[in-house]
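Quick notes on the structure that follows.
Reckoned from all heavy atoms, side chains included, excluding hydrogens, waters and symmetry mates. Chain letters run A, B, ... following the sequence lines, proteins first, then strands; residues in each count from 1.
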Amino acid sequence: MTARDALLFVFVGCLIIGTGFVQSWNSALLILNMGLISAIMALGVNLQWGLAGLFNVGVMGFVALGGLAAVVTSMPANAEEWSVGGVRVIFGLLLGAGTIIATIMLRQRMAADRARNLATLVVLIGGFFLFRAVFDPGVDAIESVNPAATGYLGGLGLPVLVAWPVGGLLAAGAAWIIGKTALGLRSDYLAIATLGIAEIIIAILKNEDWLSRGVKNVVGLPRPVPYEIDLQNSESFVERAAGLGLDPTTASTLYVKLGYSILFAIVLIILLWLAQKALNSPWGRMMRAIRDNEVAAEAMGKDVTARHLQVFILGSAICGIAGAMMTTLDGQLTPGTYQPLRYTFLIWVMVIVGGSGNNLGAVLGGFLIWFLWVQVEPIGLLVMQGVTAGMADGYWLKDHLLDSAAHMRLLTMGLVLLLVLRFSPRGLIPER
Amino acid sequence: MSDDAYSGRGNKDVSLGKNPKTPVGGSIETQKTKNAPTKGAPGEPYLIGDAMSGGYGSGPDILHDCTIAVNEGEIAVIVGPNGAGKSTAMKAVFGMLDVRKGAVRLNGEDITALTPQARVAKGMAFVPQTSNIFTSMTVEENLEMGAFLRRDDIQKTIDQVYELFPILRSKRLQAAGELSGGQRQQVAVGRALMTQPKVLMLDEPTAGVSPIVMDELFDRIIEVAKTGISILMVEQNARQALEIADKGYVLVQGRNRFTDTGQALLADPEVRKSFLGG
Amino acid sequence: MDYLNALVAFANFVLVPGTAYGAQLALGALGVTLIYGILRFSNFAHGDTMAFGTMFVILITWGFQSAGISFGPLPTALLALPFGIALTGLFLIGTDKVVYQFYRQRKVKPVVLVMVSLGVMFIMNGLTRFIIGPNDQRFADGERFIISARDFKTMTGLDEGLAIKSTQGITLITAIIVVAVLFWFLNKTRTGKSMRAFSDNEDLALLSGINPERVVLYTWLIVAALATVAGTLYGLDKSFKPFTYFQLLLPIFAAAIVGGLGNPLGAIAGGFVIAFSEVTITYAFKKVGNYVLPDALAPDGLAQLLSTDYKFAVSFAILIIVLLFKPTGLFKGQSV
Amino acid sequence: MIVVEDLHKHFGGFHAVDGASLEIQQGTITGLIGPNGAGKTTLFNVIAGVLQPTSGRVTMAGEDITGLPPHTLFSKGLLRTFQIAHEFSSMTLRENLMMVPGGQSGETLWNTWFGRKRIADEERALAAKADEVLEFLTIDHISDERAGNISGGQKKLLELGRTMMVDAKIVFLDEVGAGVNRTLLNTIGDAIIRLNQERGYTFVVIEHDMDFIGRLCDPVICMAEGKVLAEGTLDEIKANEQVIEAYLGTGLKNKAKVGA
Amino acid sequence: DGHAKEVKIGVILGFTGPIESLTPHMGNAAELAMKEVTDSGLLLDGAKVTSVRGDSTCVDAGAATAVAERQITGDGVKGIVGADCSGVTGAILSNVAVANGVVMVSPSATSPALSTAEDDGLFFRTAPSDARQGVVMTEVLMEADIKEVALTYTNNDYGKGLADSFQAAYEAAGGTVTISAAHEDGKADYSAEVGALASAGGDRLVVAGYVDQGGSGIVRAALDSGAFDTFHFPDGMISAKLVENFGAEIDGSSGQHPSPSDELSKLFTEIAADSVEQPTSPFAPESYDAAALIMLAMQAAGSMEPGDYKDKVMEVANAPGEKISAGELAKGLQILKDGGDIDYVGATDVELIGPGEAAGNYRVVGFEGGEEVTAGRK
Ligand SMILES: Nc1ncnc2c1ncn2[C@@H]1O[C@H](COP(=O)(O)OP(=O)(O)OP(=O)(O)O)[C@@H](O)[C@H]1O
Ligand SMILES: Nc1ncnc2c1ncn2[C@@H]1O[C@H](COP(=O)(O)OP(=O)(O)OP(=O)(O)O)[C@@H](O)[C@H]1O
Ligand SMILES: [Mg+2]
Ligand SMILES: [Mg+2]
């Protein structure tokens, strides 16, 4: 890390600490926490893009899978739903998977001719209807159990921290399937393919109510840290807070947030360490070579396909972990809130602004852009108030401007983005 | 093959090529002037990159006081080891890189500040060493792009290029990026010929072309030069190139090391040994 | 068995809307594909450019409408279109001068330009909402239908109606004309070829005497025209709402990609592929089945392959399958 | 060593390689010449696994290697250079060379985290080797330059240098000489001969410079229009009428006029 | 000093995002109530109420919690009007409001799931849970003797929840839902949905969506293709916009929305005419009430601390007490100040039940001659 890089980190640190002074420490910690998560996501994307040149625009999908993992691991199982249709649904899913495996095997075994295509079609269509016939009734049964409150299978009831690695695994599994099929595509074609897959994942999350209640959301996920209320009701805590000169509410909220910060920071530091070691090693050099020129790397004995799959899985797994962490922090899974702009492109902005190809850059970008994403709103409002300060009350333009203040948020974000990219087109901490 | 495709412009005196006004050799050094006047000294070469220094972006200087020049109807050849700055010198003359010191003059006019496309309009043409074709466009479109600034009928010139490089005619409608290495090179030269330039600058035009095509190409270059067009060429096939050259430059580390007639350089044992492969 | 009614039902709910939607997507995809083809980046601001252009058209249309100017049976907005295009063109060229030019000269990686376009998108987005507001705006006038479902029924005496809206007709015709003109322009005219040459090899384009700024200028002008036309036609057919235009970006990109980036014909093909895969795969064939099949065989369920919840998933799945077999799209697109 | 049997490679309707059959003997330096577009590079690409043949068979030391991916062939000891340089442009010259050897322990992720010591040792050895090669190619003064920023000829040298980083069985050189200074090319020729004699590498060399071919190669194979046109020593080939007509030509017509 | 005290109330709504066209009216309505209270000078001995706006984005739980966090811990708001969409509402509630003990009154989050959310007595809503609406809808349709409908809903917790509860109620009453198809808001094209809906058929199309969003798109496409001529519209669809968009084309359709008597809405339209551009816009009156409830509860508790007044919200909202409608906040404040009891009616006939949500009085509407008419009450 050069002095300049360190200075940039200090600068972003000051922004967050400044938030603590100007607004509140709770806000500052919240920004820090989301910043940590964003940094992890950016690290994952940077691994894929900065290191291997894989244009993955499906970040949202992996983040969502992480969220799903949080539900599936930590929520209690719903016995009634399991009994009315659980087995049936699982069996249906196995049938579906079996159909796909059969198709793949069929295509490998048979010679490429019309008979093969016909057989493929027969297996696929037959399998599909069989799958629907078994699966659908199970789903209906599950979803009709108390739809307003549960109506889904629930999870394993494990501690929510377990969900983080599980989120990584789930995302990695999905990435493996995707990578096997789509990694042969180049640049923007891969991008739209991954974007599409992310949309498909979200569509599944939104519509498969038996799995995680779909758009009806799962709320009240267990937490790895205590509840504020419990702290406020705990005498020893209140006393200690008083000792620090804090009122119980503030103390408890800060305590909880700090707890999250520490957990997240540990994850970030581990991942960053791993990523840095990998980047500055022959492995990293090989990845850069592949990024620069796949044909030549292949001719120099590097298994490009395998390496692409490897980073794709690793990067996606990191996004999955971050997704699980975020859902844990939110305490709920809301599939409707997954939007490409927020969960894919914003992460990309972080990577590019921070400096693609540079892990520290990605981390910095994660913090900085998240800070801006949250703070441009008050900034935009301030700007508008400044602009309209001189106008008479009730003047139509003033009203119009103030009404539009919320939209200034996007505008300000755009301006900031352009400015940063203007002054460092290769990112704030460029590659090497 | 008729010559009139290249006789439209700048063809003032066919004999020019054989009787250059300026004596070749060391005399160029004497004409070197710092703050060059906009109008060059009388008798100055048609195109001159005069005492150029410069490099890429904000990087270090790669050229140091490097001078290359060519007279009307003459062939000047630049040789030198790899990385000597030959291509850089060519790019500097064509305005594709910052000339920090020195000047480029065409026909006495200072063109140091002109953009490359403005130089094209002034009758200069350039075949770069690498990425010198439009890979996604067909061969014919590549040639048409060469003639972008021309308003007259270009079909005749196209036919002439096809005659020079017959293989291109059969590949006319194929994307140039799908051609073999040598074929691409032919497209690149053909594209430059399409401009009907007054000065033709070629960076290793024969790299990768087969002997028979190379001979054709050199023949053609001689013919072209005879019509009064100046040719400035970088070559690693240095012996053949110097044989047809009126003037030769040996560049080493961005500096002029030897400058003489082609024949004289060929005869110089040191030059032969160090730069021409014995 | 009633094939005629079945056919009409199918045409009314699948063919006609699919075609119209396909043409709408195609028009949008043309703009995206052109920028990709010539300036070599995926322009995320395109959806908002469409909204921006349409906003101008709407404002001018309102002006015309209040001045009592109309275009007979055709929407007045068509009259306002040239003005809208001009204003959008000016804006885009200004944006290029202020924003994109800098990065182009620096020869940054395309992905940086993508991020820059994201920034531009935010700004245009904000400006549109600022000027015309985030709400639905109506500006359609003129004859709404070429033939309405009811008229069709009375005319033919069939049970099923067939509706074709005038905007659908206009969109389809415009799309065909525009792609033909664009194809001709890029492949046959000098300027068009110089634009392709520029996109292929910028340095060499300079060496051929092509003025890059000129190329960029033309590109943005054409993009302005395409975006404004696409946005206006879409707005006439459905409604104008800035947020929807932003959302349109996704299917538009899908269309451009599946057809092959940089290829105008591909954009058209891609538009229809996406549109029809959305409309067809999730179509419930119950009605058609009821007409065609004997009573005994008539479906009692909906005869729907997948529920409409998955229409996006399906269109993306089809997109991915197409790409697996044709990795650069149906029409062999470019890639940076 | 390498046997190519009735190989075809079609691009659409165009037959770039059209039934070529040839044998490369172990321990030879075989020259491959032929007019532009004869299909030489395409043949290389098919042998090296970059392109899938339309039909035909390639064997290496008796083993069928048709259609194997390049990285597998690399591990079997088959190396190639590219006619149009394929450098890793954002990496330094030294890194370009250091990445070549296969089976580096630092290329496994696990080792990058937990096997630092071994990697460090390996890296030192690799760097030393790379510097040696760079010095030999006279580009050691720019070993820390990014490969994207070097001259065309230097890229060709780098291309060649990569094949010198590992022990190969057979090396395919696609016009390594084009754009390389002739004096240096002679040195390179010497090195090729040395590698061939001392280490027993087999070489297949595409070149249009007959002097170079003459110094190095025996036998020489001439291709034209996707087929093998002639095969033999260079002198035999040079005497072949068809080869002269298709490829060698008869020299400069205008030479005398200018030379004076 | 009369205005020495300042009470800050947060207004967290999706000013950008999918329901951005509703939120300005909602925000203005809430601020109208605050202005009314400030002007009266009666709240807590002349406190001044200021609104602190924040953008919930409707979809981004992270950004929404950040806003709430800032408002509560930074600006020090004492209550929150919001949030709008159920997803972000839940996130703010569990992560910020409960943790900091701040009262939230949502004007528009109607998801049944929120009824059971862990809220520590801090969460209220002036919009009814959709569980109730499903029953009301069934009654309306059954009375019109419509036994078979196609159903489409906007794919979020509102739409899905409403669709579920409607379908359950309708089928229990003997009706048939031929198809229940989701539609995504803000999408470009609804031909696929309309195709499927038309194919399934039915006497009426039930559109459980938003008039500003996909709902109108569906109706437009259904009308244009001749798939359906009559519809049934739940609350998200009922607005001036609907008539403006479709005029006489939807004659014969029906609908219902939570609404007080005509008098109340007319009243609200009157008092809000100046400050709220579209007073009848969905959830605008609810927003007014949400803000009013917070301030009245403060007055009743004699404190602006949420911990003190949270228990008073139900009290002021429900009987017994003098009825206070919109525009009469000053009167209500005065009564409370004098130690009296009020039953806040507000703009939407507020009646909080169960876990603090509106009981739901519905107005049944019909469409005739391009006008929306009241067809009854439930
Ligand atoms: N991708 C491709 N698509 C179509 N044609 C191709 C493609 N690649 C090569 N060709 C054609 O195949 C022929 C053989 O090309 P190849 O590169 O093998 O020639 P070569 O013998 O190496 O020539 P050179 O000496 O010029 O390098 C050429 O005519 C070329 O145009
Ligand atoms: N784009 C570039 N950026 C920075 N440095 C460069 C660039 N291109 C070339 N150089 C450097 O400039 C020097 C001269 O390069 P140039 O291409 O002019 O050599 P050359 O004489 O043409 O060699 P060759 O015969 O190999 O083509 C080289 O040392 C090279 O490293
Ligand atoms: Mg060079
Ligand atoms: Mg070749």
Side-chain angles (χ1 to χ4, degrees), chain A residues 49 53 55 57 128 132 178 181-182 184-204 206-208 214 340-341 345-346 348-349 351-353 356 376 380 400-401 403-404 406-422 425-427, chain C residues 36 41-42 44-45 98-99 102-103 106 108-116 118-131 133-134 246 249-250 253-254 256-258 260-261 305-307 309-321 323-324 327-329 333-336:
Chain A
W49 167 253
F55 203 169
V57 189
F128 178 75
R132 291 281 302 261
I178 297 165
T181 40
L185 301 175
R186 11 211 71 258
S187 61
D188 298 62
Y189 298 86
L190 177 64
I192 201 83
T194 48
L195 186 76
I197 290 165
E199 288 287 335
I200 292 174
I201 291 176
I202 300 300
I204 292 174
K206 274 179 149 176
N207 296 308
E208 298 307 312
L341 186 65
F345 296 111
L346 196 65
W348 269 89
V349 171
V351 173
I352 300 300
V353 164
S356 72
V376 286
H400 187 59
L401 286 171
D403 277 350
S404 316
H407 303 303
M408 291 305 113
R409 164 190 186 159
L410 295 179
L411 211 143
T412 317
M413 190 67 209
L415 273 179
V416 169
L417 183 59
L418 291 185
L419 283 177
V420 175
L421 283 176
R422 183 82 180 212
R426 293 183 57 222
Chain C
Y36 190 93
F41 69 97
S42 301
F44 273 83
V98 177
V99 182
F102 170 82
Y103 302 96
R106 288 287 190 98
V108 299
K109 293 203 188 107
V111 67
V112 175
L113 278 172
V114 173
M115 295 302 136
V116 168
L118 210 58
V120 172
M121 176 190 94
F122 280 133
I123 292 178
M124 287 185 111
N125 200 307
L127 282 181
T128 313
R129 291 167 191 215
F130 178 71
I131 297 177
F246 163 70
L249 199 60
L250 222 62
F253 261 102
I257 295 245
V258 80
L261 276 171
L305 268 181
L306 275 173
S307 82
D309 308 351
Y310 283 108
K311 72 170 188 177
F312 271 96
V314 165
S315 63
F316 274 115
I318 286 182
L319 175 138
I320 292 163
I321 291 169
L323 287 185
L324 289 182
T328 53
Q334 312 169 346
S335 69
V336 283

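Heavy atoms closer than 4.5 Å to chain C are found in the side chain of A:L341, but not in its backbone. Using a 4.5 Å cut-off between heavy atoms, A:L421 contacts chain C through both its backbone and its side chain. If you measure heavy-atom distances from C:V108 to chain A, the contacts under 4.5 Å come from the side chain alone. For A:L185, the part lying near chain C is the side chain, with the backbone staying farther off; criterion is any non-hydrogen pair under 4.5 Å. For A:R426, no part sits under 4.5 Å from any heavy atom of chain C, backbone or side chain. Looking at C:F312, neither its backbone nor its side chain comes within 4.5 Å of chain A, counting heavy atoms on both sides. Using a 4.5 Å cut-off between heavy atoms, C:A256 makes no contact with chain A at all.
Chosen from A:L195, A:L415, A:I204, A:V353, the residue pairing most often with chain C at heavy-atom distances under 4.5 Å is A:I204. Chosen from C:L324, C:I320, C:D309, the residue pairing most often with chain A at heavy-atom distances under 4.5 Å is C:D309. The choice from A:K206, A:R422, A:R132 that makes the most heavy-atom pairs within less than 4.5 Å of chain C is A:R422. Looking only at heavy-atom pairs under 4.5 Å with chain A, the residue among C:G329, C:G119, C:S315 that has the most is C:G119. Of the listed residues A:I201, A:L417, A:I192, the one with more heavy-atom pairs under 4.5 angstrom with chain C than any other is A:I192. With chain A as partner, the option from C:M124, C:K109, C:R129 having the largest number of non-hydrogen pairs under 4.5 angstrom is C:R129. With chain A as the partner, the residue from C:N125, C:V258, C:V111, C:V120 showing the most heavy-atom pairs under 4.5 Å is C:V111.
With a 4.5 Å cut-off on side-chain heavy atoms, C:M115 and C:L118 count as touching. Within the 4.5 Å cutoff, the side chain of A:F345 has no heavy atoms near those of the C:V114 side chain. Using a 4.5 Å cut-off on side-chain heavy atoms (C-beta onward), A:P425 and C:F102 make contact. Residues A:I352 and A:W49 form a side-chain contact, since some pair of their non-hydrogen atoms from C-beta on lies under 4.5 Å apart.
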Subject >> side-chain contact (heavy atoms from CB on, under 4.5 Å) assessment of C:I123 paired with A:L418 >> reply: CA-CA 10 Å; C:I123 292 178; A:L418 291 185; 3.7 Å; yes
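The distance between the ring centers of A:Y189 and A:F55 does not fall below 6.0 angstrom.
Among all heavy-atom pairs drawn from C:F41 and C:P110, the shortest one is CB-O, 4.0 Å.
Interatomic distance, C:Y36 OH to C:I257 CD1, rounded to the nearest 0.5 Å: 7.0 Å.
In this structure, the side chain of A:T194 engages the main chain of A:V57 through a donor-acceptor pair within 3.5 Å.
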